[in-house]
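Small disclaimer: the values here were computed from a predicted structure and weren't measured.
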Amino acid sequence: MSSGRITIKNAADIEKMKAAGSIVKETLELLSEKAAVGMTTDELDRIAEDYIRSKGAYPSFLGYMGYPKSICASVNQQVVHGIPGKYKLCDGDILSIDVGAKLNGFHGDAARTLLIGKVSEEKKKLVEVTRECFFEALQFCKAGYHISDIGAAVQKHAEAHGYGVVRDLIGHGIGRDMHEAPDVPNFADRRFGRGARLVPGMVIAIEPMINMGTWEVVQLSDGWTIETRDGKPSAHYENTVAITDGEPVLLTL
């Protein structure tokens with residue numbers, strides 16, 4: 001959960017965040033090209049770290065609250081926070097990669113779910129609907145709407161396809177810190193009310209985490225990896241978004 005006050009960014013701040021976001025976008029594109037059957041998630045981690053550092057940035061996740069790697073690499077039933085290691089990608093896997101980069105004092109954050117080899121139509125649909133959930137939410141990323149409008153849009157689209165929307169993990173504000181206020185749930189919950197009202201200068205990371213089965217998740221003994229409780233696949237799609245006087249600006253796309 002994010003804490004503290006919502007920070008409003010000025011035009012110069014957002015330009016810096018756009019530069020960090022571009023590195024994140026390029027890293028994800030590079031990993032999308034490189035990820036293939038037989039490659040280990042650790043190899044992808046090294047590629048990502050080398051690229052981020054080559055651009056003069058720092059991998060946001062490395063060392064964050066003790067996290068040991070530069071990216072999160074979550075395979076199949078793993079939802080998020082999978083630690084790169086010796087696992088070799090298999091034909092038919094889906095791989096969710098989350099990347100963060102810090103440049104000139106500001107962070108960018110985004111995630112994509114990649115198709116490895118020949119993937120089942122069932123998994124392909126999950127990945128595509130998860131991506132669609134983000135763009136459904138993006139329609140409400142304008143001044144005057146509330147955080148709850150974003151979550152409601154994600155939930156409505158995912159549940160219309162019979163999928164589970166993860167409750168235990170959510171999106172967040174972002175800026176000089178990786179996780180800032182406000183919290184950005186992917187669901188509408190009366191307990192949270194309408195949430196913060198969106199105003200120009202807010203920057204948020206919206207990240208639908210959608211499961212093929214139940215929304216319930218469990219944490220593995222490594223203290224990081226989150227999996228679906230029923231072992232069914234999960235997909236993740238995220239971008240960093242700046243709220244403006246008009247249309248939202250995608251800083252990582």
Note, Val37 side chain near Leu89 side chain (heavy atom, < 4.5 Å): no
Cys133 backbone acceptor or donor facing Glu136 side chain under 3.5 Å: no
Closest non-hydrogen atom pair between Pro200 and Ile8, with its separation: O-CG2, 3.6 Å
Nearest-0.5 Å distance, CD1 of residue Ile94 to CG of residue Asn76: 6.0 Å
Side chain proximity check, Tyr87 to Asp93, heavy atoms < 4.5 angstrom: yes
Check: Arg46 and Pro84 side chains under 4.5 Å, non-hydrogen atoms: no
Heavy-atom check, side chain of Val24 versus side chain of Thr240, under 4.5 Å: no
Residues in ring pair (Phe, Tyr, Trp, His ring centres under 6.0 Å) contact with Tyr58, at least two apart in sequence or another chain: none
Heavy-atom closest contact (Lys232 atom, Gly213 atom, distance): CD-CA, 3.8 Å
Value rounded to 0.5 Å, distance of OG1 in Thr228 from CD in Gln77: 6.0 Å
CA sep, side-chain torsions, deciding dist, call: Val79, Asp168, side chain to side chain contact (heavy atoms under 4.5 Å, CB included): CA-CA 11 Å; Val79 181; Asp168 299 52; over 6 Å; no
Parallel, tilted or perpendicular: ring planes of Phe140 versus Tyr145, cut at 30 and 60 degrees: perpendicular
Partner residues of Lys9 under the side-chain hydrogen bond (donor to acceptor under 3.5 Å, both in side chains) criterion, sequence neighbours left out: Thr7, Glu180
Plane angle bin for His161 and Tyr163 - parallel if under 30°, tilted between 30 and 60°, otherwise perpendicular: parallel
Side chains of Val127 and Val119 in contact at under 4.5 Å (non-hydrogen atoms): no
Ring geometry between Trp224 and Tyr67 (parallel below 30°, tilted from 30 to 60°, perpendicular above 60°): perpendicular
Set of residues satisfying side-chain contact (heavy atoms from CB on, under 4.5 Å) with respect to Asp50, sequence neighbours excluded: none
Val129 side chain reached by Glu132 side chain, heavy atoms, under 4.5 Å: yes
Sidechain-backbone polar pair: Arg167 side chain, Val165 backbone, donor-acceptor under 3.5 Å: yes
Note, Cys141 side chain near Ile206 side chain (heavy atom, < 4.5 Å): yes
Side-chain donor/acceptor of Asp45 to backbone N/O of Ile71, under 3.5 Å: yes
Test salt bridge (Lys or Arg N to Asp or Glu O under 4.0 Å) applied to Glu26 - qualifying residues, sequence neighbours left out: none
Test item: Lys123 side-chain N/O and Gly92 main-chain N/O as donor-acceptor pair under 3.5 Å: yes
Side-chain heavy-atom pair Val241, Phe134 within 4.5 angstrom cut-off: yes
NZ/NE/NH1/NH2 to OD/OE distance under 4.0 Å, Lys125 and Glu128: no
Gap between atom CZ of Phe61 and atom CD1 of Ile52 - 0.5 Å precision: 8.5 Å
Under 3.5 Å: donor-acceptor pair, side chain of Asn186, backbone of Glu207: yes
Heavy-atom donor-acceptor pair, Asp230 side chain to Thr214 backbone, under 3.5 Å: yes
Nearest atoms (heavy-atom pairs only) where Glu238 meets Arg112: O-NH1, 2.8 Å
Pair Asn239, Lys25: side-chain N/O donor-acceptor within cut-off below 3.5 Å: no
Donor-acceptor under 3.5 Å (Asp183 side chain, His172 main chain): no
side-chain hydrogen bond (donor to acceptor under 3.5 Å, both in side chains) partners for Asp149, two or more places apart: none
Thr252 side chain to Gly21 backbone, donor-acceptor under 3.5 Å: no
Pair Glu49 + Arg53, salt bridge at N-O below 4.0 Å: yes
Distance in Å, Ile23 CD1 paired with Lys18 NZ, rounded so as to fall on 0.5 Å steps: 14.0 Å
Pairing residues for Thr41 by the side-chain hydrogen bond (donor to acceptor under 3.5 Å, both in side chains) criterion, not counting sequence neighbours: none
Nearest-0.5 Å distance that lies between atom CG in Leu114 and atom OG in Ser96: 8.0 Å
For Ser234 against Asn211, the heavy-atom pair lying closest together: OG-OD1, 2.7 Å
